[in-house]
Amino acid sequence: EVQLVESGGGSVQAGGSLRLSCEASGYTHRRNCMGWFRQGPGKEREGVATIDRFGLSTTADSVKARFTISKDSAKATLYLQMNSLKPDDTAMYYCAVEDRYPCRSLTTWSEGGFGDWGQGTQVTVSS
């Protein structure tokens with residue numbers, strides 16, 4: 001059984017930074033895609049960034065200049081470095097993993113909810 005545990009969320013002021021982590025266990029798939037998604041209050045879930053088995057990443061235009069996805073395969077851990085945070089970044093952040101290559105688009109994966117998902121970590125940005 002795949003387990004994904006997110007951490008690193010919290011409350012910060014605008015302009016601050018946070019680093020989210022997602023520890024994965026219970027799978028040995030080699031074609032895995034991993035991704036970060038978020039759902040803000042009153043908003044639809046949206047894709048933030050994905051990274052494939054080769055480390056190739058895709059990041060949403062809205063956060064591309066501020067957020068960086070990375071992974072440590074040896075630790076089976078996914079990261080999201082978030083800089084210059086804005087109140088609009090306030091959301092529950094989820095990580096997900098899917099056994100496929102190439103990764104689905106951010107929109108397709110987010111809307112379809114494919115693969116396995118964590119319980120989320122809350123990020124709150126105050127102005």
Side-chain angles (χ1 to χ4, degrees):
E1 180 182 356
V2 177
Q3 290 188 331
L4 302 170
V5 180
E6 301 96 335
S7 62
S11 297
V12 295
Q13 290 191 328
S17 298
L18 285 173
R19 188 193 195 202
L20 305 184
S21 299
C22 173
E23 294 186 37
S25 62
Y27 74 96
T28 58
H29 300 309
R30 296 183 179 276
R31 299 189 302 148
N32 69 79
C33 290
M34 300 188 79
W36 286 102
F37 302 82
R38 68 184 183 183
Q39 186 166 17
K43 299 180 180 180
E44 296 290 323
R45 184 172 61 198
E46 63 176 342
V48 176
T50 63
I51 189 165
D52 70 15
R53 57 178 298 197
F54 298 111
L56 182 64
S57 63
T58 299
T59 305
D61 289 341
S62 61
V63 302
K64 186 172 293 185
R66 304 182 291 119
F67 291 10
T68 303
I69 189 172
S70 62
K71 65 178 181 176
D72 185 332
S73 296
K75 296 181 179 179
T77 301
L78 180 70
Y79 303 100
L80 184 68
Q81 178 66 44
M82 305 187 296
N83 299 325
S84 302
L85 283 160
K86 305 175 180 179
D88 202 41
D89 296 318
T90 294
M92 184 70 79
Y93 284 72
Y94 301 91
C95 72
V97 61
E98 187 183 16
D99 178 33
R100 66 170 282 132
Y101 179 81
C103 297
R104 302 180 193 268
S105 71
L106 289 169
T107 300
T108 299
W109 196 351
S110 181
E111 292 183 349
F114 302 102
D116 296 285
W117 292 70
Q119 294 299 306
T121 185
Q122 178 68 38
V123 172
T124 302
V125 185
S126 58
S127 58

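Just so you know, residue 1 is the first one in the sequence shown, and it goes up from there. FYI, side chains are in, hydrogens and waters are out, and symmetry mates aren't considered; it's all heavy atoms of this structure. The structure displayed is predicted, hence computed values, not measured ones.
Residues that satisfy the salt bridge (charged side-chain N to carboxylate O under 4.0 Å, His left out) test with Lys64, not counting sequence neighbours, are Asp61. With sequence neighbours excluded, the residues that form a side-chain hydrogen bond (donor to acceptor under 3.5 Å, both in side chains) with Ser105 are Thr108. For Glu6, the side-chain hydrogen bond (donor to acceptor under 3.5 Å, both in side chains) criterion is met by no residue, not counting sequence neighbours. The side chain to side chain contact (heavy atoms under 4.5 Å, CB included) check on Leu106 picks up Thr50, Thr58, Ala60, with sequence neighbours excluded. With sequence neighbours left out, the side-chain hydrogen bond (donor to acceptor under 3.5 Å, both in side chains) criterion links Asp88 to Lys43. Among residues two or more places apart in sequence or in another chain, the side-chain hydrogen bond (donor to acceptor under 3.5 Å, both in side chains) test is passed with Arg45 by none. Taking Asp89 as the reference, Arg38, Arg66 meet the salt bridge (charged side-chain N to carboxylate O under 4.0 Å, His left out) condition, with sequence neighbours excluded.
Applying the salt bridge (Lys or Arg N to Asp or Glu O under 4.0 Å) rule to pairs touching residues 112-127 yields nothing, sequence neighbours excluded. Each disulfide bond (SG atoms under 2.5 Å apart) pair with one or both residues in residues 82-127, not counting sequence neighbours, appears once here: Cys22-Cys95, Cys33-Cys103. Evaluation of the side chain to side chain donor-acceptor pair (under 3.5 Å) test over residues 8-20, restricted to residues two or more places apart or in two chains, returns Ser17-Asn83. Under the ring pair (Phe, Tyr, Trp, His ring centres under 6.0 Å) criterion, no residue pair touches residues 72-94, with sequence neighbours excluded. The disulfide bond (SG atoms under 2.5 Å apart) pairs that include a residue from residues 34-80 number zero, where partners must be two or more places apart or lie in different chains.
Leu80 is not listed as a side-chain neighbour of Thr68, based on a closest heavy-atom distance of 4.5 Å or more. Side-chain contact between Glu98 and Arg104: present, with at least one pair of heavy atoms (C-beta onward) separated by less than 4.5 Å. In this structure, the side chains of Thr121 and Ser7 stay at 4.5 Å or more apart for every pair of heavy atoms. Side-chain atoms of Leu20 and Val123, non-hydrogen and from C-beta on, do get closer than 4.5 Å to each other.
When all heavy atoms of Ser127 and Pro87 are compared, the pair lying nearest together is CB-CG, 3.9 Å. Across all non-hydrogen atoms, the minimal contact from Leu4 to Ala24 is CD2-CB, 3.5 Å.
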field: Pair Phe67-Trp36, ring-ring contact (aromatic ring centres under 6.0 Å, His included): steps then yes or no
entry: CA-CA 11 Å; Phe67 291 10; Trp36 286 102; over 10 Å; no
- prompt: Going through the distances and angles, do Gln122 and Thr90 end up as a side-chain contact (heavy atoms from CB on, under 4.5 Å)?
  reply: CA-CA 8 Å; Gln122 178 68 38; Thr90 294; 4.1 Å; yes
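Atom CZ of residue Arg53 and atom OG of residue Ser73 lie 10.5 Å apart, to the nearest 0.5 angstrom. Note: Gln81 CD to Leu18 CG = 8.5 Å, rounded to the nearest 0.5 Å. Note that the CD atom of Glu44 and the CD atom of Glu46 stand 10.0 Å from one another [nearest 0.5 Å]. If you take NZ on Lys71 and CG on Leu78, they are separated by 8.5 Å, rounding to the nearest 0.5 Å.
Ile51 and Phe37 sit in two unconnected hydrophobic clusters of ILVMFWY residues. Membership requires side-chain heavy atoms under 4.5 Å apart, directly or through other members. Under the 4.5 Å side-chain heavy-atom criterion for Ile, Leu, Val, Met, Phe, Trp and Tyr, Val97 and Trp117 are members of distinct hydrophobic clusters.
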